[in-house]
Amino acid sequence: MFDPRVLFTAEGLASLVSLAVMEIVLGIDNIIFVAILSQKVAPLLRKRVRRLGISLALVLRVGLLLTLSWIMGLTKPLFHVAGLGFSGRDLVLLVGGLFLMGKSVHELHERMEEATGEDDKGGSPAEGSAGFLSTLVQILLLDIVFSLDSVITAVGMARAVVIMIAAMVIAVGVMLIFADAISEFIGRHPTMKVLALSFLMLIGFLLVADAFGKHIDRGYVYFAMGFALAVEIYNMRTRKKARARHKGQA
């Protein structure tokens, strides 16, 4: 079960690479959520909360892998409503999806207030006003949801636990490397933050749909958001050239 020699076989390496790529793709929504929430804490604490949040995701995933029998038990229906069976996994996905949708809508609302310079109290919300601990708790809650989804995917793609753990370590390592760059990029470009929040809202919807037994391939969402990202990058470059041309004429 924990024989590391399986990593050095052709089948083991192929399984490791394919699973690591899948875990990195599944980690996109996790890292975007961490990047957006980290903007809410004080600047000096942002890098720490990002790294701690992502590291906790790895701890959760490895911990879940070490309890495979319990994980597989989560897929068994606990009760039925209107002919639909709900398992422990479904309940976690339902709560996590609703939380992610609610959080995304709340952040979009704040973003609109920032754009207009108004909020319910007549001022603009201060960046970096959120507490370190409260932000970390929110990241941890979504880590649980994303980790459960990630582990169940890993169990379906690989047989050896050591391959699953190695793939998750690689995926989290990639997340740690790019977390700061993604967070800073989103922070510098407000339109990217709106795009990222829209992506998270869609992911939340997919989690809720999955909880009700309506699985929708995330590839559709990734393609749509990738296309939207490409369009926005093109718009950013166009605006940059227009500003440069305007300055040259002035």
Pairwise distance [atom1]([X]) to [atom2]([Y]) - rounded to 0.5 angstrom:
X	Y	atom1	atom2	answer
D90	L84	CG	CG	9.5 Å
L98	L93	CG	CG	10.5 Å
L197	I36	CG	CD1	4.0 Å
E23	S18	CD	OG	10.0 Å
R50	S38	CZ	OG	4.0 Å
R61	S147	CZ	OG	4.5 Å

I'd like to know whether L207 forms a side chain to side chain contact (heavy atoms under 4.5 Å, CB included) with V145, so could you lay out the CA-CA distance, the side-chain angles of the two residues, the decisive distance to 0.1 Å, and finally the verdict.
CA-CA 9 Å; L207 293 176; V145 178; 3.8 Å; yes

Within the structure provided, determine whether [X] and [Y] are in side-chain contact (heavy-atom separation under 4.5 Å).
X	Y	value
M201	L108	yes
M192	L195	yes
T135	L45	no
M164	L19	yes
M175	N30	yes
V95	L91	no
L229	I233	yes
F146	L100	yes

- Query: Taking NZ, NE, NH1 and NH2 as the nitrogens, is one of them in K47 or E184 under 4.0 Å from a carboxylate oxygen of the other?
  - Reply: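 Result for this pair is no, no salt bridge flagged.
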
Salt bridge or not between R46 and D180? Use side-chain N to carboxylate O under 4.0 Å.
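Looking at R46 and D180, the cut-off is not met.
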
Apply the test side chain to side chain contact (heavy atoms under 4.5 Å, CB included) to residues L176 and V172: give CA-CA distance (whole Å), side-chain angles for both, the deciding distance (0.1 Å), then the verdict. CA-CA 6 Å; L176 284 170; V172 171; 4.3 Å; yes

| field | F86-F212 aromatic ring centre distance below 6.0 Å | value |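 Here the rings of F212 and F86 have centres that are less than 6.0 Å from each other.
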
Could you pull out the closest heavy-atom pair between [X] and [Y], with the gap in Å?
X	Y	answer
K103	L37	CE-CD2, 3.3 Å
A166	L16	CB-CD1, 3.7 Å
G96	L142	O-CD1, 4.3 Å
I54	A179	CD1-CB, 3.6 Å
P77	G85	CB-CA, 4.3 Å
G53	I139	CA-CG2, 3.7 Å

When you look at CZ of F223, are more than 12 heavy atoms from neighbouring residues, nucleotides or ligands closer to it than 6.0 Å?
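Check fails, neighbour count at 12 or below.
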
### Message
I'd like to know whether CZ of F79 has more than 12 heavy-atom contacts from other residues, nucleotides or ligands below 6.0 angstrom.
### Response
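Atom CZ in F79 is packed in, count exceeds 12.
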
Hydrophobic cluster membership, with links at side-chain heavy-atom distances under 4.5 Å among I/L/V/M/F/W/Y: are [X] and [Y] in one?
X	Y	value
V231	F185	no
L200	Y220	yes
I28	I177	yes
V221	V25	yes
M225	I216	yes

Run the side chain to side chain contact (heavy atoms under 4.5 Å, CB included) check on L13 and T9 step by step: do they pass? CA-CA 6 Å; L13 285 173; T9 64; over 6 Å; no

- Task: Check K193, R237, R239 against E232 for a salt bridge (charged side-chain N to carboxylate O under 4.0 Å, His left out) and give me the one that passes.
- Result: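 Looking at K193, R237, R239, the match for E232 under the salt bridge (charged side-chain N to carboxylate O under 4.0 Å, His left out) is R239.
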
- Message: Given F199, which partner from the list F227, F205, Y222, F33 fulfils the ring-ring contact (aromatic ring centres under 6.0 Å, His included) test?
- Response: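 Only match with F199 under ring-ring contact (aromatic ring centres under 6.0 Å, His included): Y222.
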
Take M101 and V208, measure what side chain to side chain contact (heavy atoms under 4.5 Å, CB included) needs, and give me the verdict at the end. CA-CA 9 Å; M101 290 173 67; V208 172; 4.1 Å; yes

| So, does S15 use its side chain to make a donor-acceptor pair with the main chain of E11 at under 3.5 Å? |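 No; judged by distance alone, with no hydrogens or angles, the pair does not exist.
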
